[in-house]
Amino acid sequence: MYDNTAYVTSTIPFVNARPHVGFALELVQADTLARYYRLLGRHVRFQTGTDEHAFKNVMAAREQGISTEQFVNGNSKNFRHLCDELAVSHDRFIRTTEQAHKTAVRTFWKQLRPEDIYRKQYTGLYCIGCEDFYLEKDLVNGVCPDHGSAPVVVEEENYFFRLSAYQQRLENLLISGKLSIVPESRYNEVLQFVRSGLRDISVSRAAHRSGGWGISVPDDTSQVIYVWIDALINYLSGLGFGGGVKWQQVWNEDTDKIHVIGKNVWKFHAVYWPALLLSAGIQVPDKIVVHGFLTQNGQKISKSLGNSIDPGEYVRRFGSDAVRYYLLRYVRPFTDGDFSEERLSAAYDGLANGLGNLCSRLTALCECSEYGAFERPCDPRAPEGFHSALERFEFDTGLELLEKDVHEVNQDIEHLAPWSLIRDGAGDQVRAAIAQWLGRLYDVVHWVGPFLPQTSAKIKSAVSAERVRKVEPLFPRSG
């Protein structure tokens, strides 16, 4: 039993287009983590939402001939709907256009050390897709490494944050483990970036470029706060920062504060965000878990690249848990993984042949042998190594260990051949074996709950009835 609170967050995506399957990967990873911690008895706060002040939203709205507000309202609903489709158990869905968030961002800005903010003229290479400035050395053949497009030259006067003043403190946080980056390869990447020398960063944009869309800098309406700075503050504003002290009930030294993010945004979360928090006198996050990209034929899946895959389509065809299972079991948590319908279909068949088959045959045995009621275990057992795998955020390993137990029970049933024993009148022997098998099944479905919440609930309900009856197939064959 854990006494401390876990605060789990996903990033909040731009809403310039409908959500794609890459964000679904992040959602189910964060949701599985939150559900797992709840299962351990921890107090959990889980937050996701949408980032709505990006300039690319303004551009997309102009293309459609509608107001930016109307545009982001519609697309934010699509992301909220994706959470529902994937059975994501968030406690808070935040939108950065909420008035409370705007108040929090301005409050945070004012809380930064005055000597850390200054204004200067700046010329830089700006990628609209990333909403970020690039140095020439960071481009690949002159284009953005993520979006494959050439950045535009932007020259304007902005406010800057003195990031360079925090280089040593950030390095100390990383080396001490007070700021943990997972996996180790990303930790090494972040540490190398910090040690290579930090440059001060632009934290505002000229308001005229975005038509005033964004949160204005306090006491200077000619500038809007840079969208990435605005977005990062959602982790505090969603807790009530800027409206009293209630937010400190969650964001404090006793809370395990965990950000689940994609590998393309670690600079913002592992460098900029901790430095800004230090300047504001607020504790830094504890863990930053960095997942890889979903790819299609080896190419990153991205709204900006125009190769989006709608996860909702596959949820409607295969079911929420099947999509979650594929993303958690067959996509390695920290490296890139290719998404295809063929792989998803194969994963679905694996679920049907494994857990689905075990549940069907075991409940059918219960009914055939007149087994009766099952006494659920008070302390369901997890496979050896399961908890340590989840502590390392290795969702695929955790599922693999549970599948081994499913396979073993299926093999036991095959070996005993209970149907023959029932025909031969050895019902008592079969019922004794069923009790053991149901116990092992219950152990599995208890710990598989964070991964496959709907499937777990169905099986638990079936085996908790006064008399266990045969259940309908959990993963019916199509075609």
Side-chain angles (χ1 to χ4, degrees), residues 6-39 44-52 57 69-98 100-101 231 234-235 237-239 258-262 291 294 301 303 308-329 331 339 341 344 347-348 351 395 445 448-461 474-476 478:
Y7 180 36
V8 180
T9 67
S10 78
T11 58
I12 53 173
F14 293 139
V15 293
N16 58 303
R18 295 179 66 88
H20 65 75
V21 73
F23 184 58
L25 169 67
E26 184 170 306
L27 276 178
V28 299
Q29 284 188 352
D31 182 59
T32 298
L33 198 59
R35 288 177 179 273
Y36 171 68
Y37 288 154
R38 293 189 191 110
L39 210 55
V44 175
R45 171 87 174 195
F46 173 29
Q47 179 171 302
T48 187
T50 46
D51 179 3
E52 302 177 20
N57 294 337
E69 182 178 8
Q70 183 181 356
F71 177 81
V72 299
N73 284 343
N75 269 358
S76 180
K77 289 180 181 178
N78 293 331
F79 282 86
R80 189 186 291 268
H81 182 58
L82 176 61
C83 290
D84 295 336
E85 288 184 309
L86 291 170
V88 172
S89 61
H90 57 278
D91 300 291
R92 177 78 159 93
F93 186 98
I94 188 169
R95 299 181 58 191
T96 57
T97 49
E98 296 175 16
H101 176 75
N234 94 89
Y235 302 129
S237 66
L239 301 175
I258 305 167
H259 297 323
V260 180
I261 70 169
H291 64 79
L294 272 185
I301 296 173
K303 300 190 296 290
S308 291
I309 295 175
D310 178 13
E313 173 191 346
Y314 293 100
V315 170
R316 291 184 287 274
R317 291 173 55 191
F318 291 91
S320 171
D321 277 2
V323 174
R324 289 175 65 108
Y325 173 73
Y326 172 68
L327 294 174
L328 294 163
R329 176 67 177 86
V331 177
F339 181 92
E341 182 176 337
L344 173 56
Y348 182 90
L351 266 180
F395 308 104
V445 299
V448 87
F451 305 86
L452 312 177
Q454 295 176 350
T455 299
S456 175
K458 287 178 183 178
I459 298 176
K460 281 188 173 183
S461 176
L474 297 172
F475 306 100
S478 60

Please determine whether side chain to side chain contact (heavy atoms under 4.5 Å, CB included) holds for the pair Leu82 and Val315, giving the CA-CA distance in whole Å, both sets of side-chain angles, and the decisive distance to 0.1 Å.
CA-CA 10 Å; Leu82 176 61; Val315 170; 5.7 Å; no
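- Looking at every heavy atom in both residues, Gly238 comes nearest to Arg92 through O-NE, 3.6 Å.
- Under the side-chain hydrogen bond (donor to acceptor under 3.5 Å, both in side chains) criterion, Arg45 pairs with no residue, sequence neighbours left out.
- The closest donor-acceptor contact from the side chain of Ser10 to the backbone of Val260 lies at 3.5 Å or more, if one exists at all.
- Going from atom CG of Asn73 over to atom CZ of Phe71 covers 11.0 Å, rounded to the nearest 0.5 Å.
- Contact record, Glu26 with His291: OE1-NE2, 2.7 Å, taken as the closest heavy-atom pair.
- The main-chain N or O of Gly319 is never found under 3.5 Å from a side-chain atom of Tyr348 such that the two would form a donor-acceptor pair.
- The structure places CZ of Arg324 at 8.0 Å from CD of Gln454, a figure rounded to the nearest 0.5 Å.
- With contacts defined as side-chain heavy-atom distances shorter than 4.5 Å, the pair Phe318/Leu351 does not qualify.
- Between the side chain of Asp51 and the backbone N or O of Phe14 there is no donor-acceptor pair closer than 3.5 Å.
- To the nearest 0.5 Å, atom OG1 of residue Thr11 and atom CD1 of residue Ile261 are 8.0 Å apart.
- Sparse packing is recorded around CD of Glu69, with 12 or fewer heavy atoms of other residues, nucleotides or ligands lying under 6.0 Å away.
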Any chance you could lay out the side chain to side chain contact (heavy atoms under 4.5 Å, CB included) test for Thr455 and Tyr325, step after step, and finish with the verdict?
CA-CA 11 Å; Thr455 299; Tyr325 173 73; over 6 Å; no
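- Note: Gln29 CD to Leu328 CG = 6.5 Å, rounded to the nearest 0.5 Å.
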Does the side chain to side chain contact (heavy atoms under 4.5 Å, CB included) test come out yes or no for Phe93 and Phe79, once each step is laid out?
CA-CA 10 Å; Phe93 186 98; Phe79 282 86; 4.2 Å; yes
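- Of the inter-residue distances, the one linking Leu86 atom CG with Asp31 atom CG reads 8.5 Å to the nearest 0.5 angstrom.
- Side-chain atoms of Asn57 come within 3.5 Å of backbone N or O of Asn16 as a donor-acceptor pair.
- Residues Ile309 and Glu341 are not in side-chain contact: their nearest non-hydrogen atoms beyond the backbone lie 4.5 Å or more apart.
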Could you walk me through whether Phe23 and Thr48 pass the side chain to side chain contact (heavy atoms under 4.5 Å, CB included) check?
CA-CA 11 Å; Phe23 184 58; Thr48 187; 3.8 Å; yes
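- Of the residues Phe395, Tyr314, Phe339, the one that meets the ring pair (Phe, Tyr, Trp, His ring centres under 6.0 Å) test with Tyr326 is Phe339.
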Quick one: do Lys458 and Asp321 satisfy salt bridge (charged side-chain N to carboxylate O under 4.0 Å, His left out)? Show the steps, please.
CA-CA 12 Å; Lys458 287 178 183 178; Asp321 277 2; over 6 Å; no
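- Put simply, the side chain of Asn234 gets close to the backbone of Ala231: a donor and an acceptor are under 3.5 Å apart.
- Side-chain contact check for Val72 versus Arg95: some heavy-atom pair is nearer than 4.5 Å.
- Checking each of Leu33, Asp91, Thr9 against Phe46 for a side-chain contact (heavy atoms from CB on, under 4.5 Å) leaves exactly one that passes, namely Asp91.
- The main-chain N or O of Val28 is found under 3.5 Å from a side-chain atom of Thr32 such that the two form a donor-acceptor pair.
- Checking side-chain atoms of Asn75 against main-chain N and O of Val15 turns up a donor-acceptor pair under 3.5 Å.
- Between Glu85 and Gly312, the shortest heavy-atom contact is OE1-CA, 3.5 Å.
- For the side-chain hydrogen bond (donor to acceptor under 3.5 Å, both in side chains) test, no residue two or more places apart in sequence or in another chain qualifies with Ser320.
- The side-chain hydrogen bond (donor to acceptor under 3.5 Å, both in side chains) search around Thr50 returns Glu52, Ser76, not counting sequence neighbours.
- Expressed to the nearest 0.5 Å, how far CG of Leu27 lies from OG of Ser89 amounts to 10.5 Å.
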